[in-house]
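Computation of the quantities below employed the complete heavy-atom set of this structure, encompassing side-chain atoms and omitting hydrogens, waters and symmetry-equivalent molecules. When a ligand or atom number is given, it counts from 1 through the structure's own listing order.
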Amino acid sequence: MMKEQLESIQHTIKKAAEKSGRKEEDITLIAVSKTYPASAIQEAIALGCKDFGENKVQELVQKIESIEEPVNWHMIGHLQTNKVKYIIGKTALVHSVDSLKLLKEIQKQSLKKDVITSILLEVNVAQEDSKSGILLEEAMDYASSISKLSHVRCEGLMTVAPYVENPEDNRLVFRQLYDLSVDMQKQKFDNINMHVLSMGMSNDYWVAIEEGATMVRIGTALFGARNYT
Ligand SMILES: *Cc1c(COP(=O)(O)O)cnc(C)c1O
């Protein structure tokens, strides 16, 4: 079951990558394992998945402890400042950096543990009240703040696009994030290398890849519908 889902996703990734002049290998599939048990992660690892995304600190830490294989852990959900200390040194990438306060705490805790933390700036492109993320027009100010932080590296941008019936409706959102990353890269800020664009979920990831996504975050299309009870 999961095998077929994964093959179908990989096929879609390949087609979308080729449409945008890239290869399948240029796109990282992040298996979003939130709410699923460690056994589902084990099954995905056996099928070749190497990157996993979680949106809650406690669940992320528990899963990191219960999985022995060396996989890449991605924090993709809203991160509270007081919880930063629990994940520093354990994640490949924190996708959801959305405030200066959070950036400063990541710098502080990374310095303390003597590690460099890789992050993405989360941008609320569609300006939805229900979503976190900075605004497009704030991004350059954030970049100049990041350039002064010794233990933080910004690897690119992330967005959570609106839920839409027709994935084409998010094309412009993805394009705006891509354009912003090109503009930011031109500025040559210290500590910033815009090589990651984390955008696209189960519902719209092929559109995101066509518009330049390098990482897609996929939960339900791989693991099936989530049960929150
Ligand atoms: C849950 C989640 C996903 C995956 O969503 P699906 O629609 O299940 O693919 C992606 N990104 C973030 C930030 C999430 O919280």
Non-hydrogen atoms of Ile218 versus ligand 1: any pair closer than 4.0 Å?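 For ligand 1, residue contact (heavy atoms, under 4.0 Å) with Ile218 is present.
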Take every heavy atom of Arg226, measure it against each atom of ligand 1, and state whether any distance is under 4.0 Å.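 Yes, Arg226 has heavy atoms under 4.0 Å from ligand 1.
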Are any of the side-chain heavy atoms of Asn227 and Thr35 separated by less than 4.5 Å?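 Heavy-atom side-chain distance check fails, nothing below 4.5 Å.
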Does the side chain of Glu155 reach to within under 4.5 Å of the side chain of Ile119, using non-hydrogen atoms?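 Not touching, per the 4.5 Å side-chain cut-off.
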Would you tell me whether Ser96 and His78 have side-chain atoms, one donor and one acceptor, within less than 3.5 Å of each other?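 Looking only at side-chain atoms, His78 and Ser96 do not form any donor-acceptor pair under 3.5 Å.
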Strictly by modelled atom types, are Ser198 and Arg217 linked by a side-chain donor-acceptor pair under 3.5 Å?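 Short answer, yes.
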Shared hydrophobic cluster, Tyr205 / Tyr178 (ILVMFWY, side-chain heavy atoms < 4.5 Å):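 Yes; Tyr178 is reachable from Tyr205 via cluster members.
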Is it true that a side-chain atom of Lys19 and a backbone atom of Trp206 form a donor plus acceptor pair closer than 3.5 Å?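 Between the backbone of Trp206 and the side chain of Lys19 there is no qualifying donor-acceptor contact (under 3.5 Å).
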Measure His95 to ligand 1 on non-hydrogen atoms and call it side chain, backbone, both or neither using the 4.0 Å cut-off.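 For His95, there is no contact with ligand 1 at all, from either part.
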Protein heavy-atom partner closest to atom 9 (O) of ligand 1 - residue, atom, separation in Å: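 Here the closest protein heavy atom is Ser202 OG, 2.5 Å.
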Ligand-residue contact atoms, ligand 1 with Ile76, heavy atoms, under 4.0 Å: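 Near Ile76, meaning under 4.0 Å from one of its heavy atoms, ligand 1 has 11 (N), 12 (C), 13 (C), 14 (C).
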Between Lys34, His78, Arg217, Met201, which one has a non-hydrogen atom sitting closest to atom 2 (C) of ligand 1?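 Residue with the shortest heavy-atom distance to the ligand atom: Lys34.
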Is there at least one pair of N or O atoms, one from Gly219 and one from ligand 1, spaced under 3.5 Å apart?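 Yes: some nitrogen or oxygen of Gly219 is under 3.5 Å from one in ligand 1.
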